[in-house]
Q: 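Below you will find the structure I want to go over with you.
Order of the sequence lines fixes the chain letters, A, B, ..., with proteins taken first and strands second; residue numbering starts at 1 for each chain.
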Protein chains: 2
Amino acid sequence: MPRVGLTTDRVVAAAADLADAAGLENVTVSALARHFGVKDASLYTHVRNLQDLRVRVALLAGGELTDEIAAAVAGRAGKDALAAFADAYRSYALRHPGRYAATQIRIDPALVADSPALRRTAEITHGMLRAYGLTEPDLTDAVRLLRSTFHGYCALEATGGFGAARDVRASWDKVVEALHAALTHWPAGQRAEPDR
Amino acid sequence: MPRVGLTTDRVVAAAADLADAAGLENVTVSALARHFGVKDASLYTHVRNLQDLRVRVALLAGGELTDEIAAAVAGRAGKDALAAFADAYRSYALRHPGRYAATQIRIDPALVADSPALRRTAEITHGMLRAYGLTEPDLTDAVRLLRSTFHGYCALEATGGFGAARDVRASWDKVVEALHAALTHWPAGQRAEPDR
DNA sequence: CATGAAACCTAGGAGCCCTAGGAAAGAGGG
DNA sequence: CCCTCTTTCCTAGGGCTCCTAGGTTTCATG
């Protein structure tokens, strides 16, 4: 019987493709084994367990997403860069729903810390926001605003959360413009709540 | 052997509590059966299957969330209402992580349509946004912006996505203020993209 | 007290995750 | 060309999960 030639990378890549095609929750060791024409147990030489597999898919997706964003943003600035970032982000989430979902699983912070992709995204985002003249801690707050809105929009769109008739793409463009407005008119002041 | 006295409501309530305590993914028929001191099969008289159980938890959570938001927003307007809405939303997500997670599962659109809670949330949101002078389709776009940011923030916070040292609550207040700024300076114009 | 509708049961199939230990393929050196 | 050693893949099996089919027991109601 010839060997299939499994490696960790091939297994993870297949898992990522399966996630996009069938949903992250259907990425199972048995399904992957079936795909390779192999017994379940054989996969455990390449992957510690299911959790490990999912984390690897998440790291793969994070790297891909960062690359696409970096390419889209390169050479742009201000509102132009923001729109490019946003469109690249959403485009990836739409084309790779399973991979994108994987990026949202809880990952060991230590593992996140030494992931070059995540650091690079932070750099890109900060660089982009510099055009708006923000300084810490507003910079961090603005990063969190962008991440939240981008992620929230893609997550809601993916789960069919937007029921209204309004075109989802048109809303996205408007939302990105609204974010630009928020960054342009960034609220000043130290205390956020006047009362209380 | 006396009966435990199960009903659909009791099962769903227990499932919701378990979700908050152990995570939605650990809400399993067997775990619930153990909790009630009953065999797995016994639960299938009250709940069609696991999917059905999760949807019921989602609808329960949606109703609770709407109630809390409605109570918080009542009697307020403008920025005040926005902040109350936001804080009530995040507060619920933090206190009930499992229930909140359930609200994000994909649900039959027909079921969503005749859920009074969802319609009520839509009313509240629209009423709140009326203070900013928005009209359709900007109204829908603004609703999507708020939902996206609120959900994205809570989701990222729940999965430990915010690594920076900055206080998460302080960022939240700032993000809400930024949303207020975005609504106040809502971008005009029909076409969103100038180039292309 | 009888009866009918529930609640709850036993039994069992199928799928999944994962471990322990064994067999075989293929690479490398002699 | 064969021998050895690493690595891949296997068999065997335990445990947990969801879910169905069909039987029994409890309890309210007439």
Q: From the options C/dC16, C/dG26, C/dC8, select the nucleotide whose nearest atom is closest to the side chain of A/R3.
A: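 Shortest atom-to-atom distance from the side chain points to C/dG26.
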Q: Do A/S171 and B/R144 pair up side chain to side chain, a donor and an acceptor below 3.5 Å, judged on atom types alone?
A: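 On atom types as modelled, these side chains qualify, holding a pair under 3.5 Å.
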Q: Which nucleotide in the set D/dA21, D/dC18, C/dC17 lies at the smallest distance from any side-chain heavy atom of B/Y44?
A: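 Within the option list, the nearest is D/dC18.
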Q: What does B/S42 touch in the nucleic acid at a heavy-atom separation under 4.0 angstrom: a base, only the sugar-phosphate, or nothing?
A: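 Here B/S42 touches the bases of the nucleic acid.
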Q: Taking only N and O in the side chain of A/T28, is any of them less than 4.0 Å away from OP1 or OP2 of C/dC17?
A: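 Yes, such a contact exists.
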Q: Which nucleotide sits closest to the side chain of B/L6: D/dA12, D/dC18, C/dC8?
A: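 It is C/dC8.
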Q: Nearest of C/dC18, C/dT19, C/dC8 to any side-chain atom of A/A41?
A: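 That would be C/dT19.
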Q: When you get a sec, tell me which of D/dC18, C/dC9, D/dC9 is the closest nucleotide to the side chain of B/K39?
A: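 That would be C/dC9.
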Q: With distance as the sole criterion, is a donor-acceptor pair present between the side chains of B/T66 and B/T121 under 3.5 Å?
A: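 Distance-only check passes for B/T66 and B/T121.
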Q: A/Y132 and A/H180: aromatic ring centres closer than 6.0 Å?
A: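 Under 6.0 Å, so yes.
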Q: Which of these nucleotides, C/dC8, D/dC19, D/dC9, is closest to any side-chain atom of A/V38?
A: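 It is D/dC9.
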Q: I want to verify a distance call: between C/dC8, D/dC18, C/dC17, whose nearest atom is closest to the B/L50 side chain?
A: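 So the nucleotide nearest the side chain must be D/dC18.
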